[in-house]
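I have placed the structure first, in the form of C-alpha cells, so that the comments after it can refer back to it.
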Amino acid sequence: MTLTELRYIVTLAQERHFGRAAERCHVSQPTLSVAVKKLEEELAVPLFERSRSTVQVTPLGEKIVAQAQRVLEQSSMIYAMASEGKDQLATPLRIGAIYTIGPYLFPHLIPEITGAAPQMPLYIEEGLTGTLRSKLRSGELDVIIVALPFTETDVLTKPIYEERFEVLLPAGHRWAEREAIHKEDLLGERLLLLGEGHCFRNQILEACPAISRKLASPNNTLIAEGGSLETIRHMVASKLGITVLPQSALGQETQGNSMLISRPFVSPAPSRTVAIAWRASFPRPRAIEALIRAAERCRQPVNGAVEVA
C-alpha cells in the first residue's frame, strides 16, 4: 500500500469516473485502474462498484476512503513540517478561489503578492466551494478565497472585504430611470442565474426567498441559468433578461457601455463577505500573512469593495 494508491482511491471516490480521476492525478487511465485493482486485491475487498457509465463506492470502501483521506492529510503535514525551517516565502503557495471571485480579484491580488514576495511562486485555481473545500482539506490547495459563511473543522478564516449586489440591466430597460431596485421587483422580470452548485446563486435565493418559490414552479419561464457570470452578462447585453451581480463583477462594462447599465438595491441591499480560509495546521504563517496584506492593499481596485474588520 502506497500514498500514491491512497491518493488514487480518494480522487476516484470524489470523481466517480476513472478518466476524470486519472486526469486529476496526472496519470493514464490504465495506470490508475491497475493501481486501484492492485490495492483492492491487497486488501481482499472491493472498494468500488464498476459499470460502463459510473463508478460507485462500496459501503466498506467509503470507510477506507475516509481513512485514506486522513492519512494523506497527515502525510502532507509531514512534508510541510520538514520545510518549516526553510524560507516560508520561497516555496509555492497554492491559492484557490470560487468562480465568482477569482476572475475579479486575482488580476489585482497576484501582482500585489508577487511584488511583496517575488521569490514565492504562485499556483492559482478556480472552482466551486465544495471542490475547493475538498482540495484544502487534502492539501492540494494551501489557501482558498470564498464567500462567508464557510465552516470547516480545523480551518481558519479571515474576512477581507464586503461587497454589495447590484442589478444588471440591458440598456433601454424600463428600470433605467430608477435610482434603486426593490428585491421583490425581480419576480416580474426574466432573471438569469448561475446553475446549481454556485454559492452566489444560493446567496441571491436567500436574499429573495420568493425567487426560490418561483424556481419550484413547474411552469417557470421567468428564470434561466448560465454557466458563468461572464456568460450571464453577455445574455443581459443581448436583452435575454436581467441578473444580479456582486459589485466586483460589474467591472467597467456599465461605465461608458451603451449595452449595459446597473442599479443598486433599495437598502438594505444584499451583500456578501469575501474571506480567506486556510488549515489551522498550515506551517507557513508568513505566507498567509503576505496574502492577507496583499488582499488589504487591493481592496479598493476590486470595484466597490468595502473593508471589513
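Values below: every heavy atom of this structure, side chains too, minus hydrogens, waters and symmetry copies.
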* Determine yes or no for a side-chain-to-main-chain donor-acceptor pair under 3.5 angstrom, with Q88 supplying the side chain and R286 the backbone. => yes
* To do: Dump the intermediate steps for side-chain hydrogen bond (donor to acceptor under 3.5 Å, both in side chains) on E140 and S138, then the final yes or no.
  => CA-CA 6 Å; E140 294 179 68; S138 67; 3.1 Å; yes
* **Enclosure of H182 NE2 (heavy-atom neighbours >12, cutoff 6.0 Å)** => no
* **I232 CD1 to H234 NE2 distance, which is reported to the nearest 0.5 Å** => 11.5 Å
* Please round to the nearest 0.5 Å and tell me the distance separating atom CD1 of I124 and atom CG of L141. => 11.5 Å
* To do: Inspect the surroundings of CD in E42 and state if more than 12 heavy atoms from other residues, nucleotides or ligands are less than 6.0 Å away.
  => yes
* Without swapping roles, check the side chain of R94 against the backbone of Y123 for a donor-acceptor pair under 3.5 Å. => no
* R20 bridged to E23 by N-O distance under 4.0 Å -> no
* Let me know which of D142, I95, L156 forms a side chain to side chain contact (heavy atoms under 4.5 Å, CB included) with W278. => L156
* **Check: L47 main-chain N/O paired with T58 side-chain donor or acceptor under 3.5 Å** => yes
* With a cut-off of 6.0 Å (strictly less than), are more than 12 heavy atoms of other residues, nucleotides or ligands near CD of Q119? -> yes
* Between R174 and E189, does at least one N-O distance fall below 4.0 Å, as a salt bridge requires? -> yes
* Report the C-alpha distance between R50 and V36 in whole Å, list the side-chain angles of each, state the deciding distance to 0.1 Å, and finish with yes or no for side-chain contact (heavy atoms from CB on, under 4.5 Å). => CA-CA 12 Å; R50 300 159 173 84; V36 171; 3.6 Å; yes
* **Distance (rounded to the nearest 0.5 Å) between K158 NZ and E289 CD** => 11.0 Å
* Atom pair CG (L128) and NE2 (H198), whose distance is rounded to the nearest 0.5 Å -> 5.0 Å
* 4.5 Å side-chain heavy-atom contact, V143 and F282 -> no
* Asked: Given R284 and I288, is the side-chain contact (heavy atoms from CB on, under 4.5 Å) satisfied, shown in steps?
  -> CA-CA 7 Å; R284 296 169 57 200; I288 299 298; 6.0 Å; no
* By side-chain hydrogen bond (donor to acceptor under 3.5 Å, both in side chains), which residues pair with T4, not counting sequence neighbours? -> none
* Asked: Does some side-chain heavy atom of I64 sit less than 4.5 Å from a side-chain heavy atom of V45?
  -> yes
* To do: Please report the closest heavy-atom contact between L132 and G127, naming both atoms and the distance.
  => CD1-O, 3.8 Å
* Closest contact, heavy atoms only, G195 versus R201 -> O-CD, 3.4 Å
* To do: Using the salt bridge (Lys or Arg N to Asp or Glu O under 4.0 Å) rule, take E230 and R233 through it: C-alpha gap first, then chi angles, then the decisive distance, then the call.
  => CA-CA 5 Å; E230 295 305 306; R233 185 157 52 183; 2.6 Å; yes
* Asked: Taking the six-membered ring of F150, is the NZ or CZ of R133 close enough (under 6.0 Å from the centre) and on axis enough (within 45°)?
  -> yes
* Please answer whether the main-chain N or O of G96 pairs with a side-chain N or O of E125 as donor and acceptor at a distance below 3.5 Å. => no
* Heavy-atom side-chain proximity of R164 to P264 below 4.5 angstrom -> no
* Check for a donor-acceptor pair, side chain of R190 on one end and backbone N or O of L240 on the other, with a separation under 3.5 Å. => yes
* **Gap separating the OG1 atom of T114 from the CG atom of L109, nearest 0.5 angstrom** => 9.0 Å
* Structure fact -> In terms of heavy-atom contacts, A147 and I101 come closest through N-CD1, 4.2 Å
* Asked: Under a 4.5 Å cut-off applied to non-hydrogen side-chain atoms, are P246 and L229 in contact?
  -> yes
* Asked: So which of L186, L168, L192, L194 actually passes side chain to side chain contact (heavy atoms under 4.5 Å, CB included) with V244?
  -> L186
* Do the side chain of S75 and the main chain of L72 share a donor and acceptor less than 3.5 angstrom apart? -> yes
* Asked: Is V266 linked to I242 within one hydrophobic cluster, defined over Ile, Leu, Val, Met, Phe, Trp and Tyr using a side-chain heavy-atom separation of less than 4.5 Å?
  -> no
* Asked: Counting only heavy atoms not in E112, do more than 12 fall under 6.0 Å of its CD?
  -> yes
* To do: Could you walk me through whether R16 and V57 pass the side-chain contact (heavy atoms from CB on, under 4.5 Å) test, one step at a time?
  => CA-CA 8 Å; R16 307 297 174 99; V57 188; 3.8 Å; yes
* Structure fact -> For K239 and P170 the tightest heavy-atom approach is CG-CB, 3.7 Å
* **Minimum heavy-atom distance between V10 and V65, given as atom pair plus value** => CG2-O, 3.9 Å
* How far apart are the C-alpha atoms of T54 and S51, what are their side-chain angles, what is the distance that settles it, and do they pass the side-chain hydrogen bond (donor to acceptor under 3.5 Å, both in side chains) test? -> CA-CA 5 Å; T54 186; S51 69; 5.3 Å; no
* **Connected via hydrophobic side-chain network under 4.5 Å: L105 and L93** => yes
* Asked: Just by modelled atom types, is the E15 backbone N or O under 3.5 Å from a matching donor or acceptor in the R24 side chain?
  -> no
* Hey, does Q69 have a side-chain heavy atom less than 4.5 Å from the side chain of Q14? -> yes
* **I145 CD1 to T129 OG1 distance, which is reported to the nearest 0.5 Å** => 12.0 Å
* To do: Kindly work out whether a path of hydrophobic side-chain contacts (I/L/V/M/F/W/Y, heavy atoms less than 4.5 Å apart) joins L6 to V34.
  => no
* Carefully, step by step, assess M1 and L43 under the rule side-chain contact (heavy atoms from CB on, under 4.5 Å). => CA-CA 9 Å; M1 183 186 304; L43 298 175; 3.7 Å; yes
* Backbone N/O of P270 and side chain of Q203: donor-acceptor pair under 3.5 Å -> no
* Treat each ILVMFWY residue as a node, draw an edge where side-chain heavy atoms are under 4.5 Å apart, and state whether V146 and Y99 are in one component. => no
* For the residue pair F165 and F200, categorise the inter-ring angle as parallel (less than 30°), tilted (30 to 60°) or perpendicular (more than 60°). => perpendicular
* Is E163 reaching over with its side chain to a backbone N or O of S248, donor-acceptor style, under 3.5 angstrom? -> yes
* Structure fact -> K183 and P268 have their tightest heavy-atom pair at NZ-O, 4.5 Å
* **ILVMFWY cluster, L245 and L191 together (side-chain gap under 4.5 Å)** => yes
